[in-house]
*Asks:* 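Have a look at this one before I ask anything.
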Amino acid sequence: MAKKEKATEENLVIVESPAKAKTIEKFLGQNFLVKSSFGHIRDLAKKDFGIDINNNYAPQYVISEDKKQVVSELRSLAQEAKTVWLASDEDREGEAIAWHLSEVLNLSSEKTRRIVFHEITKEAILRAIESPRNIDQNLVNAQQARRVLDRLVGFELSPVLWKKVKPSLSAGRVQSVAVRLLVEREREIFDFKPDSSFRVSAVFSLFDDKGSQKEFKAELNHRFQTVGEARAFLEQCANASFKVHSVIKKPSTKSPAAPFTTSTLQQEAARKLGFSVGQTMSIAQRLYEAGKITYMRTDSVNLAKSAVNTIVDAIKSEMGEKYVKVRQFKTKSKGAQEAHEAIRPTYPNVATIEGTAAEKKLYDLIYKRTMASQMSDAIIEKTTVAVEIAGQKYQFVATGEVVKFDGFLKVYIESSDKEEDEESADFLPPVKENDPLDLKTLEARQRFSHKPPRYSEASLVRKLEELGIGRPSTYAPTISTIQQRGYVVKEDRPGEERHYQYLWIEDGKVHQEARKEIANAERNKLFPTDIAMVVNDFLVNYFPNIVSYDFTARVEQEFDEIAMGKVEWQKAIDNFYKPFHRQVEETLEKSTRETGERFLGNDPKTGKPIIVRIGRFGPMAQLGSSDDEEKPRYAPLTRDQHIETITFEEALKLFELPRELGTFEDKKVVVGVGRFGPYVRHDGKFVSLKKGVDDPLTIDLDRAIELIKEKREKDNKKTIKTFEEDKDLQILNGRWGPYISYKKKNYKIPKDQEAAALSYEDCLRLIEEGDKSKKSKSKKKSTSKRTSKKD
DNA sequence: CAGTGAGCGAGCTTCCGCTTGACTT
């Protein structure tokens with residue numbers, strides 16, 4: 001770097017985040033240089049656990065590869081400074097970062113001050129500088145215990161899985177519980193038996209004072225179990241008379257939700273904007289770096305006083321005094337450490353920002369949620385109208401909601417995961433007791449109970465937070481880890497067609513018909529794989545203590561004791577590790593290999609057994625035994641089949657593949673399941689079946705030809721140009737635009753050149769240049785900066 | 001790069017929590 005820092009600064013302040021450093025430097029002025037450590041600078045060594053088990057669990061810390069440069073820079077700056085202020089976050093991890101810094105930078109206690117603040121405001125920073133303290137070694141030790149325990153659990157448990165289930169699998173305090181939640185929910189769904197009942201609804205009409213006709217909808221306060229009962233009831237109603245039995249008005253209020261934490265932001269952004277938790281975090285990161293919002297990894301719902309003042313002013317001037325209500329929220333989540341503020345606009349008087357569409361949307365969400373949190377309750381009047389049917393004990397009920405005062409609803413309405421099955425309450429015409437009513441329509445519809453909902457990314461995060469498992473900085477990474485390990489797939493599943501009975505009254509008579517609906521369609525949900533189920537069962541069986549839902553909560557209590565100085569951290573670890581290690585050794589000895597094997601029955605043709613199990617490449621069905629003379633036949637399960645639930649008949653069908661569908665252009669069309677899933681093969685070429693649309697067992701020739709043609713068209717578009725001179729050389733259309741493909745290597749085309757216009761010579765030149773730059777890149781580690789064009 | 005699935009043994013995999021970039025075939 002060309003710009004040399006002034007060596008004369010008296011004070012060096014170190015924070016965790018570079019964006020924070022920039023802001024704070026402005027507050028502190030001339031005499032302070034503010035730098036960042038970019039989070040932790042050291043971690044346990046990878047080899048031999050990084051822990052000396054026989055030497056009282058002495059941790060072996062090494063400076064992380066990507067932090068060496070940061071550390072050397074900080075080291076020289078610290079040497080020159082008179083005072084070093086360690087201003088990492090005020091939580092366990094932050095305290096540890098401060099301690100690692102003091103160790104690595106060799107800071108004497110005279111020269112070092114530890115300071116903390118929960119909000120990035122000038123007042124808070126200056127106050128912090130006024131009241132420095134020493135590093136809290138007990139808190140540091142609690143962090144070391146946390147780190148060592150996680151390493152011990154992760155690095156002892158994972159190898160057990162490699163031996164007993166499959167290589168490269170992983171287990172850990174957090175991820176294994178996340179997987180367990182998914183597996184157990186999936187089994188609840190397997191076991192779920194829907195029941196159904198008949199819901200009766202009616203539309204009534206009446207004339208108001210002015211003689212105009214008004215209508216409203218009402219639902220019967222009873223559900224019938226059988227179609228016969230529903231039918232009988234409708235028949236009785238066909239010629240009955242109706243009147244208003246009672247009108248009850250009840251006032252109620254609604255209060256705004258707390259400002260955003262990481263977890264609630266992820267949930268709302270998923271529900272309202274359709275973002276994945278990863279997307280939400282990276283967009284929020286950009287907003288944070290641009291100085292538009294406060295820190296986005298937080299478990300706190302607190303707002304800085306100064307921010308509340310700005311918010312109150314903004315509400316007053318835009319909506320009026322009566323919309324203001326200052327509130328202080330309390331965190332509900334277990335184990336919250338509240339080192340930061342809630343997520344809010346840095347300048348709460350700024351309602352809109354510049355940026356990408358996604359950034360604007362997320363900012364808008366944060367802005368509105370923040371404002372709403374300091375606004376008055378909404379006042380609502382709920383009206384319930386009961387309708388009496390002459391000679392019947394049941395009543396129809398209609399509910400209406402009138403917002404008397406909107407309050408916070410003016411800016412923000414929190415959404416919920418609940419399926420909107422019920423008609424939302426709406427406006428009711430004015431009615432009074434004994435008003436006679438005309439029956440306009442009457443219908444009964446069969447409704448099925450819902451199975452337990454599958455987790456989405458965001459709802460899994462909410463559950464983990466509820467259990468106190470994981471931290472704001474790890475929610476998104478945990479979700480991608482369990483996907484990478486093959487425990488979870490995130491996908492859409494089409495629903496199944498289902499029939500329901502529908503009854504209605506027309507011309508004074510009851511009619512009935514069966515209608516169709518699509519039920520149980522899933523979008524963007526997390527599905528546990530068979531591997532997840534086998535691994536989970538193994539862990540629950542042999543390590544119930546570790547994968548128990550309250551394991552984290554229990555060890556957190558232990559860490560708290562350490563933080564208070566009541567327990568020595570090595571002692572706590574020893575108490576855990578001794579029995580745990582025995583448990584590991586015993587498991588290695590006595591457990592057998594787990595494949596989830598299930599016997600389904602004997603093949604009617606050959607009499608050989610059919611089993612399903614996890615093979616080297618995933619779940620599969622096997623026909624015949626491996627002890628036989630003849631080699632067994634194998635067939636992979638399809639995506640939506642599970643070892644646990646596949647039936648004998650379904651498994652038998654798998655062996656009908658590959659299946660010949662017929663011919664197209666005089667060549668055979670064959671459908672099968674291979675390494676990359678179901679495919680159609682024709683003329684030596686493969687086309688993948690569409691996920692969730694095509695089924696290899698039922699697909700017909702017409703559809704297969706359709707897929708083949710589609711693929712051809714795509715290939716045509718993919719190829720921009722080929723050359724007579726050399727068949728290996730092609731210009732193709734890729735994900736990032738056109739590129740040159742030559743002998744299995746790819747080369748860039750400069751942005752200012754028209755791909756289709758390139759000549760054979762042009763391409764050769766680009767290939768040569770590409771090869772050159774690759775060599776220089778691998779020699780030097782890209783220290784040369786790319787010169788950006790200016791115009 | 002497509003109807004994979006033996007068994008052996010090399011050498012590899014793996015945790016959680018704190019931070020941001022680099023740069024796509």
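In this text, all values refer to a predicted model and were calculated from it rather than measured experimentally. Below, read A as the first sequence line, B as the second, and so on, with proteins coming before strands; counting in each chain starts at 1.
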*Asks:* Over all strands shown, is A:Pro636 touching base, sugar-phosphate only, or nothing at heavy-atom distances under 4.0 angstrom?
*Replies:*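 Base: the residue A:Pro636, judged by heavy atoms under 4.0 Å, touches a nucleobase.
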*Asks:* Output yes if the stacking criterion (under 5.5 Å between centres, under 30° between planes) is met for A:Trp162 over the base of B:dT13, else no.
*Replies:*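 Answer is yes, a stack.
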*Asks:* Select one nucleotide: of B:dT13, B:dT19, B:dC16, the one nearest the side-chain heavy atoms of A:Arg146.
*Replies:*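 Nucleotide nearest to A:Arg146's side chain: B:dC16.
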*Asks:* Between A:Lys668 and A:Asp683, is there a side-chain N and carboxylate O pair less than 4.0 Å apart?
*Replies:*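 Between A:Asp683 and A:Lys668 there is no salt bridge, as every charged N stays at least 4.0 Å from the carboxylate O atoms.
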*Asks:* Quick one: which of B:dC15, B:dC18, B:dG21 gets closest to the side chain of A:Ser473?
*Replies:*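 Closest nucleotide to the A:Ser473 side chain: B:dC18.
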*Asks:* Rounded to the Å, how far apart are A:Asp48 CG and B:dT14 C1'?
*Replies:*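 Roughly 14 Å, once rounded to whole Å.
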*Asks:* Between B:dT20, B:dC15, B:dC18, which nucleotide has the shortest distance from any of its atoms to the side chain of A:Glu16?
*Replies:*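 Closest nucleotide among those given: B:dC18.
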*Asks:* Is A:Val673 touching bases, backbone alone, or none of the nucleic acid, heavy atoms closer than 4.0 Å?
*Replies:*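 The residue A:Val673 makes sugar-phosphate contact but no base contact.
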*Asks:* Taking only side-chain nitrogens and oxygens of A:Ser37, does any of them come within less than 4.0 Å of OP1 or OP2 of B:dT19?
*Replies:*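 A:Ser37 to B:dT19 OP1/OP2: no side-chain N or O under 4.0 Å.
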*Asks:* Salt bridge or not between A:Glu710 and A:Lys690? Use side-chain N to carboxylate O under 4.0 Å.
*Replies:*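 Salt bridge flag = yes for A:Lys690 with A:Glu710.
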*Asks:* Looking only at side-chain N and O atoms, does A:Lys20 come under 4.0 Å of OP1 or OP2 in B:dT19?
*Replies:*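 Result: no.
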*Asks:* Between B:dT13 and B:dG9, how many Å separate the two C1' atoms, rounded to a whole number?
*Replies:*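 The answer is 16 Å between these two C1' atoms.
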*Asks:* When you get a sec, tell me which of B:dT20, B:dC15, B:dA2 is the closest nucleotide to the side chain of A:Ser688?
*Replies:*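 Taking heavy atoms from C-beta onward, the closest nucleotide is B:dA2.
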*Asks:* Categorize A:Arg471 for me: base, sugar-phosphate, or nothing, with a 4.0 angstrom heavy-atom threshold over every strand shown.
*Replies:*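 Answer is sugar-phosphate: A:Arg471 comes under 4.0 Å of backbone atoms only.
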*Asks:* Nearest to the side chain of A:Glu289, which nucleotide is it out of B:dG3, B:dT4, B:dG21?
*Replies:*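 Per side-chain heavy atoms of A:Glu289, the pick is B:dG21.
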*Asks:* Is there a side-chain contact between A:Gln285 and the phosphate of B:dT20, meaning an N or O under 4.0 Å from OP1 or OP2?
*Replies:*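 Affirmative; the distance criterion is met.
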*Asks:* Does B:dT14 have OP1 or OP2 sitting under 4.0 Å from an N or O in the side chain of A:Arg485?
*Replies:*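 For B:dT14, OP1 or OP2 has a side-chain N or O of A:Arg485 closer than 4.0 Å.
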*Asks:* Could you walk me through whether A:Asp66 and A:Ser64 pass the side-chain hydrogen bond (donor to acceptor under 3.5 Å, both in side chains) check?
*Replies:* CA-CA 6 Å; A:Asp66 54 337; A:Ser64 320; 4.6 Å; no
*Asks:* Starting at CE of A:Met296 and ending at C1' of B:dG17, how long is that distance when rounded to a whole Å?
*Replies:*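 Atom CE in A:Met296 sits about 14 Å away from atom C1' in B:dG17.
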*Asks:* What residue among A:Arg471, A:Arg146, A:Arg92, A:Arg173 forms salt bridge (Lys or Arg N to Asp or Glu O under 4.0 Å) with A:Glu556?
*Replies:*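 Option passing the salt bridge (Lys or Arg N to Asp or Glu O under 4.0 Å) with A:Glu556: A:Arg92.
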*Asks:* So if I take every side-chain heavy atom of A:Arg297 and compare against B:dT4, B:dT20, B:dC16, which nucleotide ends up nearest?
*Replies:*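 Shortest atom-to-atom distance from the side chain points to B:dT20.
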*Asks:* Name the nucleic acid region contacted by A:Tyr288, choosing base, sugar-phosphate or nothing; use a 4.0 angstrom heavy-atom cut-off, strictly under.
*Replies:*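 Sugar-phosphate, backbone atoms only, no base.
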*Asks:* What is the distance, to the nearest angstrom, from the CE atom on A:Met620 to the P atom on B:dA2?
*Replies:*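 Checked: the CE to P distance equals 19 Å.
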*Asks:* From C-beta outward on A:Val174, which listed nucleotide comes closest to its side chain: B:dT19, B:dG17, B:dC15?
*Replies:*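 Looking only at side-chain atoms, A:Val174 lies closest to B:dG17.
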*Asks:* Whole-Å distance between B:dT19 P and A:Lys67 NZ?
*Replies:*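 It is 10 Å, rounded to the nearest whole Å.
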*Asks:* NA contact type, A:Gln143, heavy-atom cut-off 4.0 Å: base, sugar-phosphate, or nothing?
*Replies:*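 The residue A:Gln143 makes no contact with any strand.
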*Asks:* So, is A:Gln175 near the phosphate of B:dC16, with a side-chain N or O under 4.0 Å from OP1 or OP2?
*Replies:*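 For B:dC16, OP1 or OP2 has a side-chain N or O of A:Gln175 closer than 4.0 Å.
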*Asks:* Does A:Tyr295 place a side-chain N or O at less than 4.0 Å from the phosphate oxygens OP1/OP2 of B:dT19?
*Replies:*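 Yes, such a contact exists.
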*Asks:* Describe the nucleic acid contact of A:Leu169 in one word from base, sugar-phosphate, nothing, applying a heavy-atom distance below 4.0 Å.
*Replies:*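 Touches sugar-phosphate only.
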*Asks:* Output the single nucleotide from B:dC16, B:dC15, B:dT4 whose closest atom is nearest the side chain of A:Lys46.
*Replies:*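 Within the option list, the nearest is B:dC15.
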*Asks:* Take the protein atom CD1 of A:Ile51 and the nucleotide atom C1' of B:dC15, then report the distance between them rounded to whole Å.
*Replies:*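 Value for this atom pair: 10 Å.
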*Asks:* Nearest whole Å is fine: how far is B:dC15 P from A:Arg151 CZ?
*Replies:*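 Result: 10 Å.
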*Asks:* Compare the ring of A:Phe686 with the six-membered ring in the base of B:dA2 and state whether they stack (centres under 5.5 Å, planes under 30°).
*Replies:*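 Aromatic stack with B:dA2 present for A:Phe686.
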*Asks:* B:dT19 C1' sits how many Å from A:Gln69 CD, rounded?
*Replies:*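 So the CD-C1' distance, A:Gln69 to B:dT19, works out to 16 Å.
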*Asks:* Remember a base hit wins even if backbone is also touched, and classify A:Gly172 as base, sugar-phosphate or nothing at under 4.0 Å, heavy atoms.
*Replies:*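 If one applies the 4.0 Å heavy-atom cut-off, A:Gly172 turns out to touch the sugar-phosphate alone, with no base involved.
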*Asks:* Output the rounded distance in Å from OH (A:Tyr475) to P (B:dC16).
*Replies:*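 My rounded result for the distance is 14 Å.
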*Asks:* Between B:dG5, B:dT19, B:dG3, which one does the side chain of A:Arg616 approach most closely?
*Replies:*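 Out of B:dG5, B:dT19, B:dG3, the nucleotide with an atom closest to A:Arg616's side chain is B:dG5.
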*Asks:* Are A:Arg297 and A:Asp89 within salt-bridge range, i.e. N to O under 4.0 Å?
*Replies:*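 Here A:Arg297 does not pair with A:Asp89 in a salt bridge, since their nearest N and O are not under 4.0 Å apart.
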*Asks:* Between the side-chain atoms of A:Ser170 and the base atoms of B:dT14, is any donor-acceptor pair under 3.5 Å?
*Replies:*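 Such a pair does not exist between side chain and base.
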*Asks:* Counting any heavy atom closer than 4.0 Å, what does A:Gly618 reach on the DNA or RNA strands: base, sugar-phosphate only, or nothing?
*Replies:*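 The answer is base, as A:Gly618 lies within the cut-off (heavy atoms under 4.0 Å) of a base atom.
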*Asks:* Determine the minimum heavy-atom distance between A:Thr280 and A:Leu362, stating which atoms define it.
*Replies:*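 The answer is O-CD2, 3.8 Å.
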*Asks:* Relative to the 5' end of DNA chain B, which residue comes earlier, A:Glu156 or A:Gly94, by the nucleotide with the nearest heavy atom?
*Replies:*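 Result: A:Glu156.
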*Asks:* For A:Ala171, answer base if it contacts any base atom (sugar-phosphate contacts may also be present), sugar-phosphate if it contacts only those atoms, and nothing otherwise; contact means non-hydrogen atoms under 4.0 Å.
*Replies:*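 Touches sugar-phosphate only.
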*Asks:* Phosphate oxygens OP1/OP2 of B:dC18: is one of them under 4.0 Å from a side-chain N or O of A:Arg42?
*Replies:*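 Checking A:Arg42 against B:dC18: no side-chain N or O falls below 4.0 Å of OP1 or OP2.
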*Asks:* State whether A:Glu359 and A:Lys292 are salt-bridged, where the test is any N-O pair (Lys NZ or Arg NE/NH1/NH2 against Asp/Glu carboxylate O) under 4.0 Å.
*Replies:*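 Answer for the salt bridge query: no.
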*Asks:* In terms of relative ring orientation, are A:Tyr61 and A:Trp99 parallel, tilted or perpendicular, with 30° and 60° separating the classes?
*Replies:*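 Perpendicular, since the angle between the ring planes exceeds 60°.
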*Asks:* Give the nucleotide from the list B:dC16, B:dT19, B:dT14 with an atom nearest to the side chain of A:Thr474.
*Replies:*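 Shortest atom-to-atom distance from the side chain points to B:dC16.
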